[in-house]
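Letters A, B, ... mirror the listed sequences (proteins, then strands); counts begin at 1.
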Amino acid sequence: MDLTGLFDILAQSYSVRDWWPRRDDPFEVIVGAILIQRTTWANAARAIEALRDEGLLTSEAIHAADGSRLEPLIRPTGFYRAKAATLKGFCSMLTQDYEGELSVLLQLPLPAQRVVLLSNRGIGDETADAILVYAAGKPSFVVDAFTRRLLLRLGWIEGDESYVEIQRAFTEALPADANTFASYHALLVQHGQTHCRVRPRCVGCPTASLCDFVTVQRKDVQ
DNA sequence: AACCAGGAATGTA
DNA sequence: TACATTCATGGT
């Protein structure tokens, strides 16, 4: 079994059509990618709607807005001071370095675009890759906590691998296609949310036959 | 490399 | 009800 086989198993178990909301609006995807950090989508969605209601869902508006106006609107996502600063920082970069034209940034080649995204305080590897795949349509694989945990339980990694090392494994195993990467990540999150949490629900888990963790659990129970 | 930022939801006693 | 854990992380 390899990463391609894992994709097939997950694809048979979950449906991920239009998993990331509003993929047709790149700016909203980026705002969502920042706000979703370490929260649930329900909380991020509330914050996005609050921003929309206030007319703060454009880079110009966020750039011009006071941080103290942003913070209460995105409060339900947690880390609201840091996230408000991240949003403002990104939008400031857009107006200063790209004349407010997001499309120019999104058209940069993958490696250069990733460097630019990572230069923003508050945008790390995972958020940068989420923006690259879901907003820019670039084949940059998103490695999240669910993915790392699943690979660990499958016994395919030791646990001390870096983000980029795990990313390279997926990149080398798959065709360099943004839709493939996007679907795979969505499947991994779907699986993580239902079966591969910190507190696992192994009943009905489609990877149970491969998973060392499940085997250990069963031994413990019996 | 452990620790912190934080509200909201969910789990446990 | 009180208390603990976890979440589509990132920075120090």
Side-chain angles (χ1 to χ4, degrees), chain A residues 10 14-23 25-51 67-68 70-90 93 114-138 140-153 158-167 170 178-203 213 217:
Chain A
L10 295 177
Y14 308 97
S15 63
V16 294
R17 266 185 59 77
D18 303 325
W19 177 70
W20 193 289
R22 289 197 149 264
R23 272 175 72 173
D25 185 338
F27 185 74
E28 199 169 320
V29 170
I30 292 171
V31 172
I34 292 167
L35 294 179
I36 193 61
Q37 290 170 3
R38 203 62 194 169
T39 0
T40 58
W41 183 257
N43 293 330
R46 267 182 241 156
I48 291 175
E49 291 316 310
L51 290 173
S68 60
L70 261 34
E71 288 173 10
L73 298 175
I74 65 175
R75 186 180 166 86
T77 67
F79 306 115
Y80 52 89
R81 281 186 286 270
K83 287 176 180 177
T86 303
L87 288 174
K88 274 191 65 81
F90 178 84
M93 176 197 70
R114 196 171 194 277
V115 169
V116 172
L117 290 170
L118 287 175
S119 72
N120 287 271
R121 169 180 297 254
I123 296 181
D125 289 309
E126 186 176 339
T127 305
D129 290 326
I131 292 171
L132 283 162
V133 183
Y134 292 107
K138 307 286 185 189
S140 200
F141 202 89
V142 180
V143 180
D144 62 14
F146 291 128
T147 305
R148 186 180 284 275
R149 190 152 62 223
L150 176 59
L151 296 185
L152 189 63
R153 289 178 182 178
E158 296 294 327
D160 59 346
E161 291 82 357
S162 71
Y163 181 98
V164 175
E165 277 181 299
I166 295 176
Q167 181 180 52
F170 281 94
N179 286 319
T180 303
F181 284 24
S183 301
Y184 206 158
H185 172 240
L187 287 168
L188 285 163
V189 175
Q190 213 85 3
H191 178 257
Q193 290 177 336
T194 43
H195 290 293
C196 204
R197 312 183 75 87
V198 173
R199 272 203 200 77
R201 290 211 298 272
C202 294
V203 183
F213 184 81
Q217 290 293 297

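Side-chain nitrogen and oxygen atoms of R149(A) include at least one within less than 4.0 Å of the OP1 or OP2 phosphate oxygen of dC7(C). R46(A) has a side-chain polar atom (N or O) that falls below the 4.0 Å cut-off from OP1 or OP2 of dA9(B). At the phosphate of dG10(C), OP1 or OP2 sits under 4.0 Å from a side-chain N or O atom of T127(A). One finds a side-chain N or O of R199(A) lying less than 4.0 angstrom from the OP1 or OP2 phosphate oxygen of dT12(B). Q37(A) has no side-chain polar atom (N or O) that falls below the 4.0 Å cut-off from OP1 or OP2 of dC7(C).
Listed by first then second residue, pairs satisfying salt bridge (charged side-chain N to carboxylate O under 4.0 Å, His left out) with a partner in residues 32-49 of chain A read E49(A)-R52(A), not counting sequence neighbours.
Note on N120(A): only backbone sugar-phosphate atoms sit closer than 4.0 angstrom, heavy atoms only; bases stay farther off. Note on G124(A): only backbone sugar-phosphate atoms sit closer than 4.0 angstrom, heavy atoms only; bases stay farther off.
Put simply, CZ on F79(A) is 11 Å from C1' on dT6(C), counting in whole angstrom units. Going from atom CZ of R75(A) over to atom P of dG6(B) covers 10 Å, rounded to whole Å. Rounded to an integer number of Å, the gap from CH2 of W20(A) to P of dA8(C) is 11 Å. The CG-P distance, from L118(A) to dT9(C), rounds to 16 Å in whole Å. Between W19(A) atom CH2 and dA8(C) atom P the separation is 9 Å, expressed in whole Å. Taking atom CZ of residue F90(A) and atom C1' of nucleotide dG10(C), one finds them 17 Å apart after rounding to whole Å. The interatomic distance linking K83(A) (NZ) with dA5(B) (P) rounds to 15 Å, in whole Å. Atoms CG (L87(A)) and C1' (dT9(C)) sit 14 Å apart, rounded to a whole Å.
Across all non-hydrogen atoms, the minimal contact from A33(A) to A130(A) is CB-CB, 4.5 Å.
Here the options are R81(A), K88(A), K83(A), R75(A), the test is side chain to side chain contact (heavy atoms under 4.5 Å, CB included), and the partner is L70(A); only K88(A) passes.
Closest approach to the R81(A) side chain among dA5(B), dG7(B), dC7(C) is made by dA5(B) (side chain taken as heavy atoms from C-beta onward). Among the nucleotides dA8(B), dA5(B), dA8(C), the one closest to any side-chain atom of P21(A) is dA8(C).
For the pair E126(A) (side chain) and D144(A) (backbone), a donor-acceptor distance under 3.5 Å is absent. When atom types are taken as modelled, the side chain of Y163(A) and the backbone of V143(A) share a donor-acceptor pair closer than 3.5 angstrom.
For I36(A) and I123(A), each mapped to the nucleotide of DNA chain C holding its nearest heavy atom, the one lying further toward the 5' end belongs to I36(A). Residue whose closest nucleotide on DNA chain B sits further toward the 5' end, between N43(A) and R201(A): N43(A). Where R121(A) and T40(A) each meet DNA chain C at their nearest nucleotide, the meeting point lying more 5' is that of T40(A). Between A42(A) and T77(A), it is T77(A) whose nearest contact on DNA chain B lies nearer the 5' terminus.
When the P atom is compared between dA1(B) and dC7(C), the two are found 23 Å apart, to the nearest whole Å. Between dG11(B) and dA8(C), the distance separating the two P atoms is 13 Å to the nearest Å. Remark: the separation of the P atoms in dC3(C) and dG6(B) is 23 Å, to the nearest Å. If you take atom P in dC4(B) and the same atom in dA4(C), they sit 16 Å apart, rounded to whole Å.
Taking the charged nitrogens against the carboxylate oxygens, D129(A) and K138(A) have no contact shorter than 4.0 Å, which rules out a salt bridge.
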